[in-house]
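Residues take their numbers from the sequence shown, with the count starting at 1.
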Amino acid sequence: LKDDALSKGKRIWLPKVESSEMNFYYYNEETELAEGAYGIKEPVSEKVLQPDDNTLVIMPGAVFSFKGDRIGYGGGYYDKYLEKYPMCNTMAVCYDFQLLNEIPREEHDIQPERIVSDINIEIKKATIEDAELLVEYMQKLGTYQKMRESIVITAEKARDLLERGAGEAIFGYLNDKPVSFIYYYENSSAFIGERGLYIDGFYIEEELRGHGFGKQMMKYMAKEAIDR
């Protein structure tokens with residue numbers, strides 16, 4: 001992250017614990033680092049960050065939930081800093097084993113706006129046996145779009161669409177549980193004289209949004225379109 005940020009001309013500020021508070025100090029490749037609180041290296045710098053709405057704070061943590069909850073290391077420094085500077089943008093970076101379905105949280109805990117991890121979902125092409133699952137996800141999509149009453153597809157109709165190839169679908173699975181879907185069908189354009197894939201429905205479980213699953217699904221769809 002550091003090398004990528006510096007290569008793009010971004011400014012980096014590292015945290016320094018000062019008594020019961022934490023501030024961020026300017027860092028570049030020439031900045032000396034010295035051991036500070038909790039044995040963590042801190043910048044030897046006098047230039048303190050004055051945050052604004054362009055500031056991105058990367059929040060550390062021991063464990064996170066898919067809902068965005070976070071367990072830190074007990075000091076509450078980031079919660080206090082972000083309460084003082086609520087205009088900051090926030091995110092967290094973690095490994096897949098640090099992400100759990102649920103973790104305890106306290107009222108004062110501040111959630112990162114986005115959690116980025118190396119977790120991947122397994123994407124599977126729908127078969128006629130997935131007709132009921134397809135209906136379930138279309139109903140979830142309809143509820144999300146506040147048009148549940150317009151979703152009148154039945155499992156029988158879904159099975160017919162899938163069997164005839166009139167419609168296709170993919171599902172994203174996390175730990176063998178479906179968490180996302182895309183329904184699509186092939187179309188063509190007389191304007192450009194080419195075929196294409198039209199996405200008619202796309203839904204990701206609410207608590208799992210913001211983890212890159214949508215990008216993984218769209219990457220699959222892009223490859224599917226190119227291969228055809």
Side-chain angles (χ1 to χ4, degrees), residues 56 58-59 61 63-71 89-103 105 111-187 195-228:
L56 172 64
I58 299 179
M59 305 173 67
V63 65
F64 302 87
S65 79
F66 287 110
K67 296 179 180 178
D69 298 319
R70 162 184 165 271
I71 295 179
N89 303 285
T90 59
M91 67 175 291
V93 180
C94 68
Y95 293 105
D96 60 351
F97 61 80
Q98 292 177 274
L99 273 170
L100 303 177
N101 288 330
E102 290 188 11
I103 57 174
R105 71 181 304 268
Q111 297 177 321
E113 297 167 339
R114 181 179 295 270
I115 298 175
V116 178
S117 76
D118 58 351
I119 194 167
N120 291 306
I121 54 175
E122 182 182 6
I123 298 175
K124 297 180 181 180
K125 193 80 174 286
T127 67
I128 57 174
E129 283 74 26
D130 294 313
E132 291 187 2
L133 184 61
L134 176 58
V135 172
E136 178 186 337
Y137 267 84
M138 282 303 300
Q139 291 172 344
K140 289 183 177 184
L141 176 61
T143 300
Y144 174 74
Q145 294 181 325
K146 297 182 172 58
M147 51 179 292
R148 173 64 179 81
E149 67 284 352
S150 299
I151 308 299
V152 296
I153 188 173
T154 63
E156 182 179 359
K157 290 181 177 179
R159 190 175 296 107
D160 179 65
L161 289 171
L162 293 171
E163 189 170 25
R164 291 190 294 111
E168 302 174 70
I170 57 173
F171 290 94
Y173 289 82
L174 181 63
N175 299 325
D176 297 321
K177 178 183 177 182
V179 296
S180 60
F181 98 114
I182 290 178
Y183 178 82
Y184 60 99
Y185 56 86
E186 193 168 301
N187 65 0
R195 296 183 303 162
L197 296 178
Y198 180 83
I199 294 177
D200 190 46
F202 189 178
Y203 183 84
I204 299 174
E205 298 289 354
E206 184 175 2
E207 66 273 17
L208 298 178
R209 294 169 195 163
H211 297 284
F213 297 157
K215 288 183 179 179
Q216 293 178 45
M217 298 284 282
M218 289 304 298
K219 184 177 180 179
Y220 180 99
M221 289 301 302
K223 185 177 185 303
E224 180 82 356
I226 293 171
D227 288 347
R228 293 192 187 191

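When atom types are taken as modelled, the side chain of S117 and the backbone of D96 share no donor-acceptor pair closer than 3.5 angstrom. In this structure a side-chain-to-backbone donor-acceptor pair under 3.5 Å is present from R209 to I204. Panel note: side chain E163, backbone I128; no donor-acceptor pair is recorded below 3.5 Å. A donor-acceptor pair under 3.5 Å is absent between the side-chain atoms of Q145 and the main chain of G142, judged by distance alone.
For the pair P178/L133, a side-chain contact is recorded, criterion being any heavy-atom separation below 4.5 Å from C-beta on. Counting heavy atoms from C-beta on, the side chains of T154 and K157 come closer than 4.5 Å. Put simply, the side chain of I182 reaches to within 4.5 Å of the side chain of M221, judged on heavy atoms. Using a 4.5 Å cut-off on side-chain heavy atoms (C-beta onward), D118 and Y95 make contact. M91 places a side-chain heavy atom less than 4.5 Å from the side chain of V93. Taking the side chain as every heavy atom from C-beta outward, L141 and M147 never approach each other to under 4.5 Å. A 4.5 Å side-chain heavy-atom check between I123 and F171 finds every atom pair outside the cut-off. A heavy-atom distance below 4.5 Å is not found between the side chains of Y198 and E186.
Crowding of D227 atom CG: a count of heavy atoms from other residues, nucleotides or ligands under 6.0 Å exceeding 12.
Using a cutoff of 4.0 Å between basic side-chain nitrogens and carboxylate oxygens, K125 and E224 are scored as salt-bridged. Salt bridge E129/R159: absent, no basic N to carboxylate O contact under 4.0 Å.
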(request) Please lay out, stage by stage, how E168 and R228 fare under the test salt bridge (charged side-chain N to carboxylate O under 4.0 Å, His left out). (result) CA-CA 14 Å; E168 302 174 70; R228 293 192 187 191; 2.7 Å; yes
(request) Test salt bridge (charged side-chain N to carboxylate O under 4.0 Å, His left out) on E206 and K67 and set out the steps. (result) CA-CA 8 Å; E206 184 175 2; K67 296 179 180 178; over 6 Å; no
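Ring pair Y137/Y203 is perpendicular by interplanar angle, where above 60° counts as perpendicular and below 30° as parallel. Ring geometry for H211 against F66 counts as perpendicular: the plane angle is over 60°, on a 0 to 90° scale with 30° as the lower cut.
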